[in-house]
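The structure appears below as structure tokens.
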Amino acid sequence: FSYLKGMESAVIIGETGSGKTWLLNYLRFIATATPSQLRPEQRCFSPRERDWLPNPEEYRWIFVDFKDTRMSQQDDLLRFLLESMELAVPKPLDLENFMDQVCDQVKQPTVILMDNFNIELRDELDNGLWGCLRYLGSSPGGNLAFVVATTESAGDLIKDDNFGNSSFFDIFSTIFLEKRW
């Protein structure tokens, strides 16, 4: 949450089974959980506990799971993101129109949670897309941040041809998860 307060992006790296998906879902749901939805000792957001995120009810959380093969097609991914942000899908749906929609209309803090990031992103999701997302996630005063979960380090991912020289991962802080059992 300390990264997300400033709309900074993070990559969570851990082995299979280390809890990456659980952590993404926790981030997404704890922000709006009520005390009755939690264990008695579990902390949640309340008016007195605003140290996690300022105005947590204003955040929009979008969960992208790259195990869903539709997310490996650029048009489908862009459409999903725009619809999840409740924005119109422009025609044609290309990177320039996508960026116009997001830059002009995303006013609330929006966190895109990307799970299974290392799953076959190599087909249609190329350097142009990652450059676009980097720009949107690093714009001063922007309202967009990413939390990416993967088993691979960012360095290993960018060795892939489709990531090329993209600086998408330059905007990420790194969090390592270890298996505890």
Side-chain angles (χ1 to χ4, degrees), residues 1 3-4 7-31 59-87 89-90 92-99 101-103 106 109-139 142-179:
F1 288 113
Y3 296 124
L4 296 177
M7 294 309 294
E8 296 176 38
S9 297
V11 60
I12 300 167
I13 299 171
E15 294 177 45
T16 301
S18 61
K20 296 177 301 298
T21 300
W22 180 91
L23 181 55
L24 292 179
N25 282 305
Y26 180 81
L27 290 172
R28 165 167 78 144
F29 292 117
I30 196 67
Y59 281 68
R60 179 186 315 262
W61 303 87
I62 299 171
F63 189 84
V64 176
D65 189 344
F66 284 107
K67 281 187 178 177
D68 181 343
T69 57
R70 295 171 294 182
M71 297 299 106
S72 67
Q73 301 299 313
Q74 181 170 299
D75 286 352
D76 292 336
L77 176 60
L78 296 178
R79 180 174 287 101
F80 175 77
L81 293 174
L82 288 170
E83 289 172 350
S84 297
M85 290 183 250
E86 299 177 5
L87 299 176
V89 177
L93 179 53
D94 56 20
L95 288 177
E96 185 175 337
N97 288 331
F98 172 80
M99 286 183 70
Q101 289 289 83
V102 175
C103 288
V106 174
T110 301
V111 180
I112 298 176
L113 306 161
M114 296 180 165
D115 198 15
N116 296 299
F117 195 76
N118 45 306
I119 301 288
E120 297 308 317
L121 298 177
R122 283 81 171 169
D123 294 337
E124 192 176 335
L125 304 181
D126 63 14
N127 196 27
L129 173 71
W130 304 119
C132 167
L133 295 180
R134 182 201 189 281
Y135 174 80
L136 294 171
S138 63
S139 297
N143 288 315
L144 189 64
F146 300 91
V147 180
V148 173
T150 181
T151 57
E152 301 176 67
S153 73
D156 289 340
L157 284 169
I158 61 175
K159 289 178 188 173
D160 187 284
D161 290 340
N162 283 346
F163 290 112
N165 59 4
S166 171
S167 54
F168 178 62
F169 296 101
D170 290 350
I171 64 172
F172 288 83
S173 297
T174 303
I175 300 166
F176 293 97
L177 288 184
E178 295 180 19
K179 270 186 163 178

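Positions are given from 1 along the sequence.
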Next item on the list: Indicate yes or no: at least one non-hydrogen side-chain atom of F146 is less than 4.5 angstrom from one of R134.
Entry: no

Margin query: Give me the atom names and distance for the closest heavy-atom approach of L125 to S72.
Written below: CG-O, 3.7 Å

Check: What residues, two or more places apart in sequence or in another chain, satisfy side-chain hydrogen bond (donor to acceptor under 3.5 Å, both in side chains) together with R79?
Finding: none

Notebook entry, point to check: Side chains of L82 and L93: does their closest heavy-atom pair fall under 4.5 Å?
Noted result: yes

Check: Taking all atoms of both residues into account, what is the closest heavy-atom pair of C132 and F98, and its distance?
Finding: SG-CD2, 3.9 Å

Check: So which heavy atom on E8 is nearest to which on S173, and how close?
Finding: OE1-OG, 4.4 Å

Check: Would you say the side-chain atoms of K20 pair up with the backbone N or O of I12, donor to acceptor, closer than 3.5 Å?
Finding: no

Notebook entry, point to check: Does the side chain to side chain contact (heavy atoms under 4.5 Å, CB included) test come out yes or no for V111 and L4, once each step is laid out?
Noted result: CA-CA 8 Å; V111 180; L4 296 177; 4.0 Å; yes

Next item on the list: Return the minimal non-hydrogen interatomic distance between N97 and D94, and the atom names on each side.
Entry: N-OD1, 2.8 Å

Next item on the list: Could you tell me how the ring of W61 sits relative to the ring of F1: parallel (under 30°), tilted (30 to 60°) or perpendicular (over 60°)?
Entry: perpendicular

Margin query: Within the 4.5 Å heavy-atom criterion, are V89 and E83 side-chain neighbours or not?
Written below: yes

Next item on the list: Please name all residues satisfying side-chain hydrogen bond (donor to acceptor under 3.5 Å, both in side chains) with T110, sequence neighbours left out, ordered by chain then number.
Entry: none

Next item on the list: Would you confirm whether N116, through its side chain, and F66, through its main-chain N or O, come within 3.5 Å as a donor-acceptor pair?
Entry: no

Check: How many angstroms lie between CG in L77 and CG in L133, if you round to the nearest 0.5 Å?
Finding: 7.0 Å

Checklist line | Flag side-chain contact, heavy atom, 4.5 Å: L95 against Q74 | finding: yes

Check: Taking atom CG of L136 and atom CD of Q101, what is their separation to the nearest 0.5 Å?
Finding: 11.5 Å

Check: In terms of heavy-atom contacts, does CZ of F63 have more than 12 from other residues, nucleotides or ligands at under 6.0 Å?
Finding: yes

Item checked: R28: partners by salt bridge (Lys or Arg N to Asp or Glu O under 4.0 Å), with sequence neighbours left out -> none

Next item on the list: State plainly whether the residues R70 and D68 are in salt-bridge range, i.e. N to O under 4.0 Å.
Entry: yes

Margin query: Just verifying a value: how many Å separate Y26 OH and L113 CG, rounded to the nearest 0.5 Å?
Written below: 14.0 Å

Note to self: For a ring pair (Phe, Tyr, Trp, His ring centres under 6.0 Å) check, start with the C-alpha distance between W130 and F117, then their side-chain angles and the critical distance, and finish with the verdict.
What the structure shows: CA-CA 12 Å; W130 304 119; F117 195 76; 5.3 Å; yes

Notebook entry, point to check: How many angstroms lie between atom CE of M99 and atom CG of L78, to the nearest 0.5 angstrom?
Noted result: 11.0 Å

Next item on the list: Could you tell me the separation between the OG1 atom of T21 and the CG atom of D115, rounded to the nearest 0.5 Å?
Entry: 3.0 Å

Margin query: I need the L144 CG to I62 CD1 distance, nearest 0.5 Å.
Written below: 7.5 Å

Notebook entry, point to check: Quick one: are I175 and V147 in side-chain contact, heavy atoms under 4.5 Å?
Noted result: no

